[in-house]
Amino acid sequence: MIKVAPSLLASDFLNLGRDIEKVRAAGGDYLHCDVMDGAFVPNISFGQPVVKAAVKSGIPCDVHLMIEKPEKYIEEFAKLGARIITVHAEACVHLNRQLRLIRECGCLAGVALNPATSPECLRYSLGEFDLALVMTVNPGFGGQKMIMKATDKITEIRDMLASEGAEAEIEVDGGVNESTAPMLIKKGATLLVAGSAFFGAKDCAEFIKNIRG
Ligand code: DX5
Ligand code: ZN
């Protein structure tokens, strides 16, 4: 079954606990936590305190680090209880080293690619990651329109994994909604992040059911 990770970036921070319960009630598989530093991306979102609170819910947390030098924080987010930690390939000089560190810390290791980054950069890290995150918007903000060209990478990554006998989740992040989800799943996505579309839905459970297809 296709997994869904509602993004807390689109939640109401004044009612974070209530919105996390919405994710649980709707059957979300992960809480997607977008950590931004105002350097790797032009925006600042939240950091350890919010992730710590999200972990307390018991829903597995999918921590998307949109930060420079992610190696400085991997152990800390792992200690807080993150289930998945994803670093950006563009932010890692030694990508394999960071992916190994994430696994050594007991988390699933994810590698994210900006829309302009080629999936080829994953080839020599196959086997070192559990998840590839295809960004379908330029990271930094929720509520943007999906960049369709970036979705080609979903199939390219799926084919690369298959041809090398490797396995990994393919996560898509940015502009996911009920109209874009069927195409993403067809191309090979296995985990969908939804921020504004999830929290803006009239019926969140129905929304998840619909995007799972
Ligand atoms: C964007 C973040 C996304 C964001 C998605 O930089 O990585 O996770 O929350 O928001 P929507 O689903 O509204 O495009
Ligand atoms: Zn994200």
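Heavy atoms only: backbone and side chains are in, while hydrogens, waters and symmetry mates are out. Note that ligands are numbered from 1 as they come in the structure, with each ligand's atoms numbered from 1 the same way.
The residues E21 and R24 are annotated as salt-bridged, a charged nitrogen and a carboxylate oxygen being separated by less than 4.0 angstrom. By the 4.0 Å N-to-carboxylate-O rule, K187 lies close enough to D152 to be salt-bridged with it. Contact check on R123 versus E164 returns a salt bridge, with a Lys/Arg side-chain nitrogen under 4.0 Å from an Asp/Glu carboxylate oxygen. Salt bridge status for R212 with D29: present, with a side-chain N to carboxylate O gap under 4.0 Å.
A side-chain contact (heavy atoms from CB on, under 4.5 Å) with S57 holds for exactly one of V23, L16, I20; it is I20.
Residues N114 and T117 have side chains that never bring a donor and an acceptor to within less than 3.5 angstrom of each other. With hydrogens and angles left out, the side-chain atoms of T190 and E171 include no donor and acceptor closer than 3.5 Å. A side-chain N or O of D34 and one of H32 form a donor-acceptor pair less than 3.5 Å apart.
Among all non-hydrogen protein atoms, the one lying nearest atom 13 (O) of ligand 1 is S196 OG, 2.5 Å. Of the protein's heavy atoms, G195 N, 2.8 Å lies nearest to atom 12 (O) of ligand 1. Ranking protein heavy atoms by distance to atom 10 (O) of ligand 1, first place goes to G142 CA, 3.5 Å. The nearest heavy-atom contact from the protein to atom 6 (O) of ligand 1 is G140 N, 2.7 Å. Of the protein's non-hydrogen atoms, G175 N, 2.8 Å is the one closest to atom 14 (O) of ligand 1. Nearest non-hydrogen protein atom to atom 11 (P) of ligand 1 is G143 N, 3.6 Å. D34 OD2, 3.7 Å is the protein heavy atom nearest to atom 4 (C) of ligand 1.
Distances below 4.0 Å separate heavy atoms of P139 from the following atoms of ligand 1: 6 (O). Atoms of ligand 1 lying under 4.0 Å from at least one heavy atom of H64, given by number and element, are 7 (O). Near M135, meaning under 4.0 Å from any of its heavy atoms, are these atoms of ligand 1: 7 (O). Near G174, with a cut-off below 4.0 Å to any heavy atom, the atoms of ligand 1 are 14 (O). Every atom of ligand 1 with a heavy atom of H32 under 4.0 Å away is listed here by number and element: 8 (O). Close approach to S7 involves these atoms of ligand 1, each under 4.0 Å from a residue heavy atom: 8 (O), 9 (O). Remark: ligand 1 atoms within the under-4.0 Å shell around heavy atoms of L9 are 9 (O). Of all atoms in ligand 1, numbered sequentially from 1 with element shown, those under 4.0 Å from a heavy atom of M66 are 6 (O), 7 (O).
Heavy atoms of A194 come nearer than 4.0 angstrom to ligand 1 in at least one pair. Ligand 1 lies nowhere less than 4.0 angstrom from a heavy atom belonging to M146.
A donor-acceptor pair under 3.5 Å is absent between the side-chain atoms of S125 and the main chain of N96, judged by distance alone. Distance alone, capped at 3.5 Å, places no donor-acceptor pair between the S196 side chain and the A10 backbone.
The name of the N, O or S atom in D173 nearest to the Zn ion (ligand 2) is OD2. Looking only at its N/O/S atoms, H64 has ND1 as the one nearest to the Zn ion (ligand 2). Within D34, the N/O/S atom positioned nearest the Zn ion (ligand 2) carries the name OD1.
Residue contacts with ligand 1 for F141 involve N, CA, C or O but no side-chain atom from C-beta outward (heavy atoms, distance under 4.0 Å).
Relative ring orientation between F40 and H88 is described as tilted, the plane-to-plane angle lying within the 30° to 60° band.
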May I have the step-by-step check of salt bridge (Lys or Arg N to Asp or Glu O under 4.0 Å) for E128 and R103, ending in yes or no?
CA-CA 9 Å; E128 304 273 2; R103 282 182 168 175; 5.1 Å; no
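For the pair P6 and I208, the tightest heavy-atom approach, listed with the atom from each and the gap, is CG-CD1, 4.4 Å.
Looking at V137, V193, D173, it is D173 that brings a heavy atom closest to atom 7 (O) of ligand 1.
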